[in-house]
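Remarks on the structure that follows.
The sequence lines fix the lettering, A, B, ..., with proteins before strands; numbering per chain opens at 1.
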Amino acid sequence: MKKIFLFATLLATLTSCEKFLDKNPQEGGISKFENAAQYDALLNNIRITRNRFEWSNAIVASDDCVFEPEWQTLGSATSLNFYQRYEAYSTWNQDQYRSQFGSGAGAVPFQSTYSNMYDVNYIINTIDDEAIQGSPQLKKQVKAEAKFWRGTYHFLLAVEFCMHPGLNSGNNPGIGYRNTISPQTTGVEDRNTVKFTFDNIVRDLEEAETALVEVGKTQLKTNEPWRISSPAAQAMLARAHLYLGNYQKAFTFAKKAYDAYNFLYDLNDQSKFALLNLSPAQTETYNGVTYSVFPQYPAITDDNSTVNTASNSVYYYKEAYFRMVSQFGAIFKMPPTQSLYDTYESSDLRRKVYFNNNFNINNASYLPARLKDQLISMSYAKHAASRSQCGFILGVTVPEIMLIMAECRARNAGDGQNASVILKDLRKKRFPATYVDNIGGSLDEVKAERRRELAMLFRWHDLKRYNALDNANITVTKRGRIDPFSPTSDIVTFRLAPNAPAYALPILEAEIALLGWPQNEYGGVTNQ
Amino acid sequence: MYLFRNSTGRKAGGPKEKLLRIMRLTAILLSTTCFFANAEEGSGQKLSLSGRNLTLQEVFAQIKKNTGYVFFYDEAHLKKAHRVNIDMKNAELKDVLDWCFRDQPLTYSIVGTTVVVKNKATGEERTIDLEHAELLLESPPPSVNVTGKVVLETGAPAVGVSVIVKGTALGTTSNEKGEFSLSSIDENATLVISGVNIQVSEVKVGGRNALGTIILKIKIDETFAEVVVVNTGFQTISKERITGAYGQVNDKILDKRPTNNIATALNGQIAGLVADPTTGFIIRGRSTLSNNVNDRLPLLVVDGFPIEGGFETINPNDVLKVDVLKDAAATSIYGARAANGVIVVTTKGMGKKGRMNVNYNGFVSIGSKMDLEYYMNMVESRKQIELDDYFYNTFKGTTNIRDPWTNTTFRGRYGSYFTLLAERDKGNITQEYFDAERTKMLNSTYVHDWEDYILQNSVAQQHNLVISGAGEKNSYKFSFLYDNDKTYLQNNNQNRYMLGFSNIYNISPNIRYTFNANITMYDQQNNAVNLSYAKSATAPWTRMYDENGNYSRHIHAYYEPRAMEWETRLPFSMRYNYLEESHLRDNRINGDDLRLQNEFDIKIGRDFRIKPMFQYEYSNNENISIYNPRSQAVRNAANIIGSVDPANSDRFVSQLPNGGFYRYNSGFQRNSFKLRLQADYNKTIGTKHEIAAVAGGELISSTLEQDAQDLKYGYIDEVLNYALFDYNVNRNNIFGENIASAPPTYENATIATPTSFSRQATTYNERFTAGYANASYTYNRKYTISGSLRTDASNYISETNRERFSPFYSVGLRWNMKAEKFLAGVNWLDRLALRATYGSTGNAAGKSNLLPFSVFQTQAPTGETGNYPGGVVNGRQNDLLTWEKTYSTNIGTDFAMFRGKLFGSLEFYNRLSEDLLTLVQTSNVIWSTTSQTINAAKVRNQGFEITLGSNINFGKNFNWQSSVVFDNNDNEVLEYNFLSTYLLNYVGSGTFVAGLPTDRIIAVKVVGTAPGGYYIQEKKNGELVPVLNSSYMFGGVNSIGSTIPGTNIKEDDRVYYIGRSTPPQTLGFTNTFSWKGLSLMTVMTGRFGHLIRRSDEGLAFGQGIMSYSATGVAALMESPKVATTETGIPMITVQNFNAWGTNNSLRTFYGDIGYEKASFIRFNEVYLGYDFPESIATSTRNIFKSATIYTQVRNLGIIWTNNESNIDPEYIPGTIKPIRTFTFGVRLGF
C-alpha cells in the first residue's frame, strides 16, 4: 500500500509540474516578457504616426473642408478617384462610408488603433505580475503611460464613431470599451453606452495623471515626444472634459498643463520659418516677407540635434504635449471652406503659414472663375511633415490648452476679461505686434479664435459639442454632386442637420458582422 | 571527383566532433555488451556436466539448472535406471542425454524444451512435472483406474494429447491410437485434456473406469489470421478482449518484404492506412487542415515510447510486428497526439535461455535502369525544329522573343536551335553554316549519352547481424545493420549504419530492468547530375562531350553567344556542362540518431506492477554543399559579382575572394526526453472476471534547434578555411545591378544572397505533461467493456487553458457472440465478435506557428523615436487555443469460419474532427488583428474497412494464404470560414471549402474552342464564354477580374467541383503460397476514385526553354480531347497568347480537361523463398540452425488503370517511374 501511495505521489508530481510547462515554445528573435524594460520599450514603439485614414473622415466631414465638385477636373486619372471619394466624404455620402468602412483601407482606423490597444492593454494587464522583474517605480510609470494611451485611443474612436454623450443622456451606443487582452470578452459585444465609454476614458486618464505625478514624471521632455508625462495627461484630460462639458475640470487640468509647459512658436520669428528654395507657388509674400507653408522645412529642431531631418520635424513639433500624428500624402491636403478662410483677418500670420498653395492657379484656366480665387487653391497644410506629407498632430498642443482655458473662463460669467488675456497671449505669437489686441473675451470670440487656431482638426469635434451642449443649432452645408462618381450628375447643396445621426460615422462593416454590434443608424443628411 | 575532406571544423557537429561522439557512443554500447556477454558465457548454450555415481534425477536437476529444460518422467521407471558417471565439457544437450541414457532401460525424446522419458520396451511414459512433485505426495489416496480414447472431430485419433488430472501434476499422453490410461486417481477427479491445435476440454471421471471416446474440437490456427496479442504501446491486450480497431503486420509478412525502411513494408497490408511516398501515412483520412506534413503524420511508437525520429531509425529486420491503432479506444490513451492514428512497432524479443543465437540476414537489390525516354518525354529532333521554327517566326520581335544582342537587360537563355535562328537573323552566321548546323541537329540524337554518363543500375545492399541469448538473470540482443544504396544515378551513394542493443535484467524476482539502445548513423553523397535542370537544358542533339572529347557547352542562364563574348572580359570561363558540374560539387547530408530506452518493471503483490520508464533521443543532421573553385557555380558568381579592373578598363575583376564555396544548407539538432510512470493492474477473479488496468503520467520535453543557411566564400578545401568577406557592402554586378536584388543563379536556384550574412538558429521547445488511465473488464470471456481517460497539457496550449481539465477519453464494448449458446451449434462459424467504441483524441497540429501567449520582439529604432530601443508585442495571446480534437465512433466485427479457412473483420467509422486550427477573419476589436489562426474548422471522415483473410491447405504440403484489405474514406470539410477574395485561390486544390472534401479539385469547365484559338468555358447557367485571357479566365470575360461576388464557391457560376486528388478507396491484396519449404508471396495494391492533373501536357516554349514534351506536342497537335468547334486545338498565336496559361499550355490551366482519372491496380512485388528443412540445415555440420534463401522483384508495374491515356497515374510522363528492382537474400540462423 505504501508503494501505491508513493506511486500516486510521484504521479501527481509528474503531471502537475507547472514550471515545466512555462518553457517558451519558440526561441530566436523573440522572448517572453520578463522585465519592465521590455514593457518600457513597447512604449518607445507606440507609433507617433497614425495611418492616413484615421481621423481624415472627421476632417473632411466638418465645415472647415470641402471638395468642390469642380475639383474633379483638376485630377489626373489616378487622382480623380481620390477627389471623387473625398467629395463623397465631404457630403457625408453614406454609400461611400459603407464602402470605405467595408473592408480594406477603411479597416485601418480599427486595425492600427486596436493593434496599439492590444499593446497597451497587454502592459496594463500583465506588468504587475510577480514574474516581471523591475522597479515598482518603472512599472507604475509604464502602466500609467499605457492607461493614458488607452484613454486617448478610445477618445479618438468615440469622437469619430459615437454621438456626443450630451445627447440622449449619454445612452447612445458607445465604442465597446476594450480593457483586456483575452479574446474572451464581455462588455464590448453590445458597444455599451457612449457614457460608459467616456466614463472609462476619463478614469483611465485620471489614473494615468495621478500615477505620473506620483512617480515624478512631471516634466515634459520635448526630445521624447512619444513618451507621456503628467502635463500630457492633464492636457488630454482638459480636452476630454471640455468635450463632455465639464468646464470646471477642463479648466483645472488645462491650467495645470499650461503651468507645466507652455511653449509657443512665434510666427513673427522668421528664423524659425525661413525658406528653403521653395517655388513661388509654395510661398506667399506678406508685408514684404515671403513665408513658406508652415512648417514645411522649419528650423524647429534647433534644440534637438539628433533628429533634424525634414521628414521627422513634425514629430518634434514643440507646441504639443504629446505627438500623435495622423499622416497623409500631399494629395490628401485638405481644401478649406470659404467660411473657414474668411475667419482669418488679413493680418493673421496663420493664414499665411497654415495654408499652402496647392495648384498653380494661373495655369488652371479650365477652372470656373469663382474657383480661381486664391482661396480655393489653398489647402490646409499645418503640420506638414514635408513637402509631400501632411501630418495632423492629434496630440494636445499649447494653443489648444490656452483656448480651453479661455473658453472655460468665457463660459464662467464675468470672467471674459481673463479669457481675453489668454487669447491675447496666444495672438502675440500669431500676429504682428500691432494686431494682437484686436479681440475681446466673449464665448463667440473664443470659439472663433479656436476655429482659426485649430482649423480642420477639431472642427468636427467642436460641431458635435456646440450642437449638443450649447444648442448652437449649426447646420452644415456643402456643395457636391448627387452622385460624386458621375461627372454628369447634378450639383446640389447637401445639408447636415444639427445633432444628426450622421455625426456618428459608420463603423467598419466587417467588425459589425463579426461582433454583432449595432451599426450607427446614420441619417440627417438632405440635399436640394 | 572532388572529394570532401573535412568541414571547417568550426561548427558543432562537424565531422571530427561527430566522429568523437560516435566513438563515445559505441564505447558505451560495447562495454555494456561485454558485460552481458560475460554473464552469458557462464551459462552457455553448451553444457558442462561432471560427476560420479549420479542418479538420473540428479543429472536431470543439473541439466534443468543449466539449460532450463524440464523433464517429464514416471518415478517408477526411473527406479529401474542405473547410476551414471559423466565428465563432459561444452557438450550439446543431446550428447549429454545420449551418454546418460546409454544402456538404460529408458529412452527419451525432446519436445520443445521438455525432455520426455519413456520406457524403452513398452514406450509407456508417465509424465510427472518435476516442479509439482510435492503435490503428488500430498494428493489424496488413489481410488480408481481409468482408460479412454481421444479423437478429433474428424474421427482421427488424437495422438500425443496431454491428459492431466486437474489440480495435480498427475497425467499422461495419448498413444498413436489416441488411447490413454491413468491409474490410481481420485474417483471424483476432472481430467483436463489439451494439446497442440485442439481446444482444451475437461472430462469428469465420476467414478468411471472407462471414459469411452472423447471428441476433441480442433482449435483454429490463428497465427495467420490475427496475432493473439495487440500492443497499444502502453499495454498488450489479448485479441479476444480488445474493443478497438487495429491492424497488424507481423514478421511473417515483413520477412518477405526486404526493405531499408519498414514503412515500405506496411503498404497494402492494413485497411485504412494509406501510404504516400511524399507525405507519409494517413490513417482514415485527413483530420487536420495544417499544411505541415508533419502535423498530419500518425504517432510512431517503438517499444512503448513515442519517438521523434522516423521509420528510418528503426532496424527493419528487428521488427516483430507493427500494430496500427485506428480508432479512439485504441488511441485515446495517447491523448493530444493521437488524432492521426498511432503506429506501434514492437521489436523482436530477446534471446532464450540456452545457446546463443546468431542470425544473419542480408540482401542485394539490383535495379533496372531508369526509363529514360519516359522521363525525358522529349519530341524527336524533326518535331522540335519544326515547332521552334513556328514559335520563332510567330513571336519574333515581340516581348516573347527579343533580340538578345540589343536587349541589354535580357540575359535569358535560348535553346540551341533558337540561338541558331537568332544568330542567322542577326547576320552573325551565314545561311550555309545555319543549314549545316540544322542538318546536324536533325540527324543526331545524343539523349542516350545519359545512359553512359549519368545513369546506372542501382545497387543496394543490406547486412544485418543479430546476436541474442540469455543468461541466468538476463537476456540480451545485439544487432548491427549496414546498408548502402548506390542509386540509379552515378555519383550518388548513401550509407546507413545501425547499432542496436537490448537487455533485460532480472534484478530480483520482482524487479526487471529493460534497456534498449539504438544508434543510427547515415551519410549521403548526392552528387549526381541535377536531373530536372539537366532535362531542361537538353534537346535531342545535346551531347555530353564534343568531338574532341571535351565537355560540350550546355545552355545555362545566358544567351550563349553573348556569354562567350563576355568571357573575353571576365576572369573565368562562362561554360556550363551539367555533367562536369556534377563532378565539381560535393553535396552531402549526414546525421545520426540515438535512442535510449529504460524501463523498470516492479511487481508488487500478485496483480500489481509499477513501471518507471525513461527515453532519451538525440538527433543531428547537417546538409552541406561544397563547390569547387572550377565549378560553374563559383565561376559564374565570381564573374557576375565583378567590377571593372582598375588596371584595364576592358576587363572585369571579381569582387569575391578566390576559392570555392562552402554552404551549410540546413541542419538541426534535437534532444528529447520522455519520462513515464505507469502502474499496471491485472487480475482474474475466479474463471469469469478479468480486469486489466493501467494508469500513469508522462513528461515529455523535446528541443529542436534548426540552423539557418550559411555561406562561406573563398573556401579552400586544402586548408579547410574560408576568406573573410564583408557582407554589408552594397555591391553591384557587372550589369550594374545590386547583387542583393539580382544574385547569380545556379541551376534554377540562387547560389547565395551575398549582401546579408546571418546565421540564426531557431529553437522549438515542446513540453507535455499528461495523466492517463485505461481499464477493461471482461465477463465470462464474452463481454468486455473498456474505457480510457487522458488529460494533456503543453507549453503551447495557453497558460490558463493548461489548468483546464481537457480530457480525451474512450469507451468500448465487445461481445464475443460465438461464445453464446445460440451460436454454439453453428459449427462452421469459429468466431464472431461485435465491437463498438466511441472516444476522443487530440492533435497538436499547427503548433509550430502558434504561440499561446504574447511575446516581446525587439524593433529597430525608427526615425520617429530617435535611437530609443523599441519593441512590439508579437502575436496575440490566444487563451482559447486548445487541442484539435477528433471524436471517433467505430463499429466493427471480427469473424472466422470454416475452421479458420476464412477470417477477417469489417469496420465502420465516423470521425468528426473539431477545433481544427485555421486562419479566420477576426474582429480587430477582439483580436487586434484582421485574421488569426484559431480553433475554428470542422472536418468529417466517414468510411468502412474490410479485412479478409484465408488460410487453406491443399493436401498435406500445400498451403495458400491470402489477405485482402479494402477501405473507403469519405471526407468533408464541415466548417471553414475563411473566404478568399480571389477565385484563383480556390481553383485546383487551394483554399478549403465547407461542404467539399479536404482534397477537392475545383476547375473551370471547358467545352470546346472558339475561332482564334480560345477555349470556350461553360458557366453553370449554361452561358458559353471564350477564355480570352489567362489572368481572367474564370470570369470568362476580361472585366470581371478575380474577386468573388458571392461567398459560397460551391455556388459560383464559373467553377465546378470535379473530384478529389487523393484516392477515396484503396486496396491491398497479398497472397502467399507455400509448398514444403518454398513460399511465394505476391503483393498488389490499388487506389481508386481520384483524379490527377496532367501537368506534363504543358508545352514549354519561348525564349527560356528549348525542349518540347512529347505529350504536350501530342496534346497540341495530334489528339485533342475537347470536342472542338474547329478542327483540332489551334496553335498559339500572338493574338491568343494571353489566353494560354502560365505554363504556356491550354492543357494545364485550371480547366477540367487538365484532369484525368487515376484509379489503378499495381503489382508491387513478388517474393520467392526457400526455407531449408531442418534436416538439411542441421546436417551441414551443425553450422546453421535455419537457413532461408529468397529472391524478390519489386515494382512490376500497373495491372489495370481507368486512365484514358493508359499512363501510370502515380507517375505521369516526364517523371521518374519507380525502378524495378531484383533482390537476392539469405536469412541464416546459427
**Request:** Heavy-atom distances under 4.5 Å only: say whether B:Thr929 touches chain A with side chain, backbone, both or neither.
**Result:**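 Contact with chain A involves no heavy atom of B:Thr929 at all.
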**Message:** With a 4.5 angstrom heavy-atom cut-off, is it the side chain or the backbone of B:Thr922 that approaches chain A, or both, or neither?
**Reply:**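 For B:Thr922, backbone heavy atoms alone lie under 4.5 Å from chain A.
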**Asked** With A:Arg150, which residues qualify under side-chain hydrogen bond (donor to acceptor under 3.5 Å, both in side chains), at least two apart?
**Response**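 For A:Arg150 the side-chain hydrogen bond (donor to acceptor under 3.5 Å, both in side chains) partners, ignoring immediate neighbours, are A:Asn121, A:Tyr177, A:Asp204.
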**Message:** Please enumerate all residues that pass side-chain hydrogen bond (donor to acceptor under 3.5 Å, both in side chains) together with A:Asn179, with sequence neighbours excluded.
**Reply:**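 A:Asn179: no side-chain hydrogen bond (donor to acceptor under 3.5 Å, both in side chains) contacts found.
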**Item:** B:Arg676 to B:Phe305 six-membered ring, cation-pi geometry met (6.0 Å, 45°)
**Value:**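 Yes, a cation-pi geometry.
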**Request:** Under 4.5 Å heavy-atom distance to chain B, tell me which part of A:Tyr118 shows up: side chain, backbone, both or neither.
**Result:**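 A:Tyr118 touches chain B through backbone and side-chain heavy atoms alike.
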**Region of A:Leu515 in contact with chain B, defined by heavy-atom distances below 4.5 Å** =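 Only the side chain of A:Leu515 comes within 4.5 Å of chain B.
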**Asked** For the candidates A:Arg178, A:Arg227, A:Met117, A:Glu34, which exhibits the highest count of non-hydrogen atom pairs separated by less than 4.5 Å from chain B?
**Response**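 The option with the most such pairs is A:Arg178.
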**Prompt:** Thinking salt bridges, do B:Arg609 and B:Asp680 make one under a 4.0 Å N-O criterion?
**Reply:**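 Here B:Arg609 does not pair with B:Asp680 in a salt bridge, since their nearest N and O are not under 4.0 Å apart.
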**Asked** Should the pair B:Glu766-B:Arg670 be classified as a salt bridge under the 4.0 Å nitrogen-to-oxygen rule?
**Response**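 B:Arg670 and B:Glu766: not salt-bridged.
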